[in-house]
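Only one structure is covered here, and it is reproduced in the block below.
Lettering of chains follows the sequences in order, A, B, ..., and the numbering in each one begins at 1. Note: hydrogens, waters and symmetry copies are ignored here, and every other heavy atom, side chains too, is used.
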Number of protein chains: 2
Amino acid sequence: MSPTSTQVARRDAILAAAVAVFGAAGFADAGVDEIARRAGVAKPTVYNHFGDKRGLLLESIRWATARAQQRVMGALSGLDPSAADLRAELERVSRALIECLLSDEGTAVMRLQVSEQHHLAELDSLRLGARQATVEALAGRLAIIAAHGRLRLPDPVLAARHLMALTSDEPLAESGFGARRLQPDEVVGPVRDGVDTFLAAFGVD
Amino acid sequence: MSPTSTQVARRDAILAAAVAVFGAAGFADAGVDEIARRAGVAKPTVYNHFGDKRGLLLESIRWATARAQQRVMGALSGLDPSAADLRAELERVSRALIECLLSDEGTAVMRLQVSEQHHLAELDSLRLGARQATVEALAGRLAIIAAHGRLRLPDPVLAARHLMALTSDEPLAESGFGARRLQPDEVVGPVRDGVDTFLAAFGVD
DNA sequence: CGGTGATTGAACTCATGAGTTCAGTATTGT
DNA sequence: ACAATACTGAACTCATGAGTTCAATCACCG
């Protein structure tokens, strides 16, 4: 019996609600009743789809991680290696990346993976895999820029990690890993500074 | 009535046990019974000292943050601005800082502050204050090195933030914010790379 | 249509753990 | 020595929320 479209829609609604509630309250304080209510679904339906609360948490994180990863890849593919103003282009893409990290879904995933690891050792590889995929995608774009002679990169993967660290560390800390919404200029400044240092280390001027 | 020394010792034992249990299990999954048992104390004694579970959490985080901060300051004061090998000295101190972050107490504080923010908005300033104090202490040491003409630092505070970001980002992510114990070489390599990039940006060679 | 399986809503069971009570026992300051 | 105060241990209350049950209803597929 292949699932009907309304079944898929219900499943997605449950997952979206679960990510929101788990992300806001944490696993233990989240109520299955509230997730069902937000999804517009009866409680037994949740148990029908996901077995139990822990199964729902696992699927929620897998689902949200995949979605976040897609958004990240979209942001990275927007990096134009031949943009006239390299500095501005790096700042733009770094801001887009941070936007993904600090979105509601992004912060929910981050916080759950940090705080609920005792529930989900099996998702460690997912977390690290997502990080590595992001780093490598960014490294690929940076390598193209380096091939154009506009960056000096002995190790593109390392440079990618360092660009992300330089630009995202401060906004992440300042926002309390997504607990507080940042003002735009709380991202713009740190990103500019981070790209400054990145170009001081890897630029060709 | 000033507290006796055994009262202080009991209080500290409770706080140490609470940090360990809260850090491992999270607020909701931590049991006051277990904290009391680990502290070698009866449950009503815990309630005598801290009122309720939330009060215990708050005091635990304040206490552990202060202790971690002291260790961090100790590590920073060990930075010798006139060390013969600047690169090695920066690596050494960065490793010591990461050691503090990834210690049992350090990771407990970090994870609680990330995951239990809905319980403790009032501790936001504590978290940011600790971070800022660390950054400024490191900035002070870096400024001395710059005054010796061994670094080119337009903004020592910014440089301090970037040094910390470059060296600690990868080990923190790799360890899942303290969930997994790192092998020594999982710290050494990333720190060397981070200091490399730092010196490429701010070195005087 | 008619039947099969999913969904609903409401009531239910049951385990867990926070917080309390209290009578008895250590500790401490005077 | 003697209050006064803190601590113990064990039993207790009580709120909460996971997971279940079931009869009634709905959605889809032949």
Can you find a heavy atom in the side chain of [X] that is under 4.5 Å from one in the side chain of [Y]?
X	Y	answer
B:K53	B:F27	yes
B:F22	B:L56	yes
A:E89	A:I145	no
A:L79	A:L138	yes

Hey, does the side chain of [X] reach the backbone of [Y] with a donor-acceptor pair shorter than 3.5 angstrom?
X	Y	result
A:Q7	A:T4	yes
A:R161	A:V135	no
A:D185	A:V188	no
B:R150	B:P81	yes

Exercise. Looking at A:H49, does any N or O in its side chain come under 4.0 Å of the phosphate oxygens OP1/OP2 on C:dT7?
Worked result: yes
[X] [atom1] - [N] [atom2] separation (whole Å):
X	N	atom1	atom2	value
B:D33	D:dG9	CG	C1'	12 Å
B:E34	C:dT16	CD	C1'	14 Å
A:K53	D:dT16	NZ	P	15 Å
A:N48	C:dA6	CG	P	7 Å
A:Q7	C:dT4	CD	P	18 Å
A:R37	D:dG17	CZ	P	13 Å
A:I14	C:dA6	CD1	C1'	12 Å
B:Y47	D:dC7	OH	P	16 Å

Seminar exercise, completed: Value for CZ (B:R11) from CG (B:N48), rounded to nearest 0.5 Å, stands at 12.0 Å
Output a table of nitrogen or oxygen pairs between the protein and nucleotides 24-30 of chain D separated by less than 3.5 Å.
none

Seminar exercise, completed: Sequence neighbours excluded, the answer for salt bridge (Lys or Arg N to Asp or Glu O under 4.0 Å) partners of A:E186 is A:R180
Exercise. Listed by chain and number, what are the side chain to side chain contact (heavy atoms under 4.5 Å, CB included) partners of A:A159, not counting sequence neighbours?
Worked result: A:L142, A:L153, A:F198, A:F202
In terms of side-chain geometry, is the basic nitrogen of [X] or [Y] positioned less than 4.0 Å from the acidic oxygen of its partner?
X	Y	result
B:R95	B:E99	no
B:D104	B:R181	yes
A:E122	A:R54	yes

For this session: To the nearest 10°, let me know how far the axis at one end of the helix from C:dG3-D:dC28 to C:dT30-D:dA1 is tilted from the axis at the other, five pairs an end.
Result: 40°
Seminar exercise, completed: Numerically ordered, the residues 38-45 of chain B set in heavy-atom contact under 4.0 Å with DNA chain C is B:K43, B:P44
For this session: Could you identify which residues of residues 17-32 of chain B place a heavy atom less than 4.0 Å from some atom of DNA chain C, listed by residue number, or say none?
Result: B:A30, B:G31, B:V32
